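What you see is a predicted model, and the numbers here were worked out from it, not measured in a lab.
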Amino acid sequence: MRLFDHSPRLVRLAAAAVLAAGAAVAAPAQAGGKFIFANSSAYDTLDPHAIFDVGRVASRINLYDGLMRWFDNPPHLEPWLAEKVDISDDGLTYTFTLRDAKFHDGSPVEASDVAYSIDRILEMKKGAYSLFEGTVAPGSTKAPDAKTVVFTLSKPSAIFLATVPEIHVVNEELVRANEADGDLGTAWLSKNDAGSGSFRLTRYDPAIGWQATRFEDHFFGWDMVEDPLDTIEFRTVVEINSRVLGLMNGDFHGTDGYLPQDQVKRLAASENVVVDEQESMRIFYSIIHNGRPPMNDVNFRKALSYSFDYDGFIDNILSGSVARDPVPLPNNMWGAPADVEGYTYDLEKAKEHLAMVKEEVREITLGALAGYGQTEQAAALLQNGLNKIGIESKIVSETWPVASGKMRDEEQMYDPLFLWKSTYYADPNNWLGEMYACEQIGARNNSWYCNEEVDALLSEARTSTDQALRKANYEKANRLLMEDAAGIFVYNTKWFGPFNKDVKGVRFSPIGNGQEMRWVSMD
């Protein structure tokens with residue numbers, strides 16, 4: 001069974017179902033007001049090919065389009081800029097037929113723009129690059145005509161179609177016109193817009209955020225939404241209390257759906273706020289730098305894992321609002337073994353493993369994300385456990401742009417770092433393959449973990465189309481990673497999306513976290 005039924009007939013039917021209302025654009029829609037979202041991460045760049053995270057996802061999904069799009073919860077994949085896709089029998093050739101669409105400057109979206117976009121990602125080696133490295137060779141994507149783009153893969157990939165939405169299509173002519181000294185237009189595109197998305201950029205300040213207006217000529221049309229939004233603004237507000245108070249007072253209309261539970265309860269009690277609760281696929285865990293002493297000793301990693309108070313964190317700090325998840329895959333994703341208990345808070349076992357560590361045990365640095373209270377609470381809880389077994393530690397809390405930069409540097413990476421692993425596409429590779437495949441070290445594998453047995457399982461699962469084999473491989477890999485204490489695996493989360501009571505039409509998906517604004521209106 002594949003993630004998406006690839007038969008041309010079914011793809012065309014799916015496209016028709018999604019786009020039926022947008023196929024014929026009616027008269028210009030009435031302005032539906034201004035929506036302001038308070039975001040916990042700074043928008044240090046708007047280049048859709050330079051970043052690949054949920055903290056800044058709003059700029060990508062609102063200003064840009066891809067060939068395919070993920071919708072709703074559970075997430076399902078549908079054609080978007082593409083009208084249909086044909087896949088060769090050997091699984092190596094994907095031929096997409098484009099529908100009529102325009103960029104924000106009025107020029108048509110053409111197949112050459114798609115080919116340029118994937119080649120730009122591959123050349124920049126940033127953002128979603130790791131998804132396509134080794135699968136799509138530079139220059140291999142062709143545009144035989146304006147409406148047809150052909151991807152010829154270097155090897156079969158079970159996840160290729162699922163990752164296609166991350167090829168955000170940019171206006172090749174516009175980006176090339178703004179290149180400086182061969183920089184692929186990165187300086188210009190970091191603060192400008194070259195997309196075809198539902199909204200068009202009107203203002204950007206890296207210290208404040210960005211603002212955009214509804215793109216009337218978007219190919220989908222606007223007649224599916226009564227009074228669609230006229231303007232959207234995504235503001236950087238790092239401090240949790242400021243986001244919460246602003247939402248309660250009506251200064252903001254939405255904010256982070258992964259707030260600490262005391263803040264969620266506070267918002268739910270407000271007469272101006274509605275909290276939308278959804279099951280998600282976002283795991284909370286700690287990366288452990290497996291490549292650095294003493295973390296490169298499995299016994300030290302096990303000592304860390306036994307020093308974290310899982311029940312105290314889940315039951316007391318989070319009020320039981322999440323589900324214990326002992327492996328690096330969400331409980332509700334196929335490939336997650338149901339019979340793994342995982343580590344418990346057991347200081348005696350922690351001491352036993354610590355006594356077997358061969359390297360000198362030094363003070364370790366616990367990383368947390370500024371503006372994300374749960375990460376700081378988790379770091380403090382682990383520090384408390386480590387103190388009790390004689391391990392000295394210090395907590396360093398930094399903003400996501402700073403932390404994400406350090407995560408890709410073997411020397412700067414924290415010892416452990418608490419954070420979430422979000423859903424970018426609904427396949428186990430989104431978690432296991434990116435987090436622990438040897439080829440992803442320094443890209444998405446920020447733990448510098450490489451185990452030959454695990455890697456062989458992940459590699460076979462990534463290329464095979466045999467669903468039973470893939471499921472078995474992922475289940476075994478999960479067990480091995482847990483036994484190896486590759487990270488500290490804590491929980492699978494729920495999303496508690498707080499919005500102003502007048503906000504209507506939010507469509508939550510684990511991919512995008514309800515931040516696609518084209519469906520939204522306000523009373």
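Legend: disulfide bond (SG atoms under 2.5 Å apart) pairs involving residues 449-489, not counting sequence neighbours, sorted by first then second residue: Cys438-Cys450. Note on residues 447-467: pairs passing ring pair (Phe, Tyr, Trp, His ring centres under 6.0 Å), not counting sequence neighbours, are His289-Trp448, Tyr436-Tyr449. Screening residues 383-404 for salt bridge (Lys or Arg N to Asp or Glu O under 4.0 Å), with sequence neighbours left out, gives Glu398-Lys406. Sorted pairs that involve residues 115-138 and meet ring pair (Phe, Tyr, Trp, His ring centres under 6.0 Å), not counting sequence neighbours, are lacking altogether. Residue pairs satisfying the ring pair (Phe, Tyr, Trp, His ring centres under 6.0 Å) criterion with at least one member in residues 371-390, sequence neighbours excluded, are listed as follows: Tyr372-Trp420.
Using modelled atom types, one finds no donor on one side chain facing an acceptor on the other under 3.5 Å when comparing Asn513 with Trp495. Side-chain contact, Glu434 with Asn445: no donor N or O sits under 3.5 Å from an acceptor N or O. Judged purely by distance below 3.5 Å, without hydrogens or angles, the side chains of Ser464 and Arg470 never pair a donor atom with an acceptor atom. A donor atom on one side chain and an acceptor atom on the other are not found under 3.5 Å apart for Asn39 and Asp256.
Two residues are said to be in side-chain contact when any heavy atoms from C-beta on lie closer than 4.5 Å; Val57 and Tyr424 fail this criterion.
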All N/O donor-acceptor pairs, side-chain side in residues 153-162, below 3.5 Å, sequence neighbours left out:
residue, atom, partner, partner atom, Å
Ser154, OG, Thr135, O, 3.4
Ser157, OG, Ile159, N, 3.3
Ser157, OG, Phe160, N, 3.2

Anything under 3.5 Å between a donor and an acceptor, one on a side chain of residues 312-330, the other on a protein residue two or more places apart or in another chain? List them.
residue, atom, partner, partner atom, Å
Ser319, OG, Lys265, NZ, 3.1
Ser321, OG, Gln261, NE2, 3.4
Ser321, OG, Leu318, O, 2.7
Arg324, NH1, Phe489, O, 2.6
Arg324, NH1, Val490, O, 3.0
Arg324, NH2, Tyr343, O, 2.9

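Scored by the salt bridge (Lys or Arg N to Asp or Glu O under 4.0 Å) test, Lys349 finds no partners at all (sequence neighbours excluded). For Asp339, the salt bridge (Lys or Arg N to Asp or Glu O under 4.0 Å) partners two or more places apart in sequence, or in a different chain, are Arg479. Residues passing the side chain to side chain contact (heavy atoms under 4.5 Å, CB included) test with Pro165, sequence neighbours excluded: Met68, Trp70, Leu77. Applying the salt bridge (Lys or Arg N to Asp or Glu O under 4.0 Å) rule to Arg266 yields no partners; only residues at least two apart in sequence or on another chain are considered. Here Arg301 pairs with Asp484 under the salt bridge (Lys or Arg N to Asp or Glu O under 4.0 Å) rule; sequence neighbours left out.
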Side chain to side chain contact (heavy atoms under 4.5 Å, CB included), that's the test. Do Phe234 and Tyr43 meet it? Break it down for me. CA-CA 9 Å; Phe234 281 76; Tyr43 293 97; 3.4 Å; yes

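The main-chain N or O of Thr423 is never found under 3.5 Å from a side-chain atom of Arg282 such that the two would form a donor-acceptor pair. Not a single donor-acceptor pair under 3.5 Å links the side chain of His49 to the backbone N or O of Gly127.
For Tyr306 and His353, the distance between ring centers is under 6.0 angstrom.
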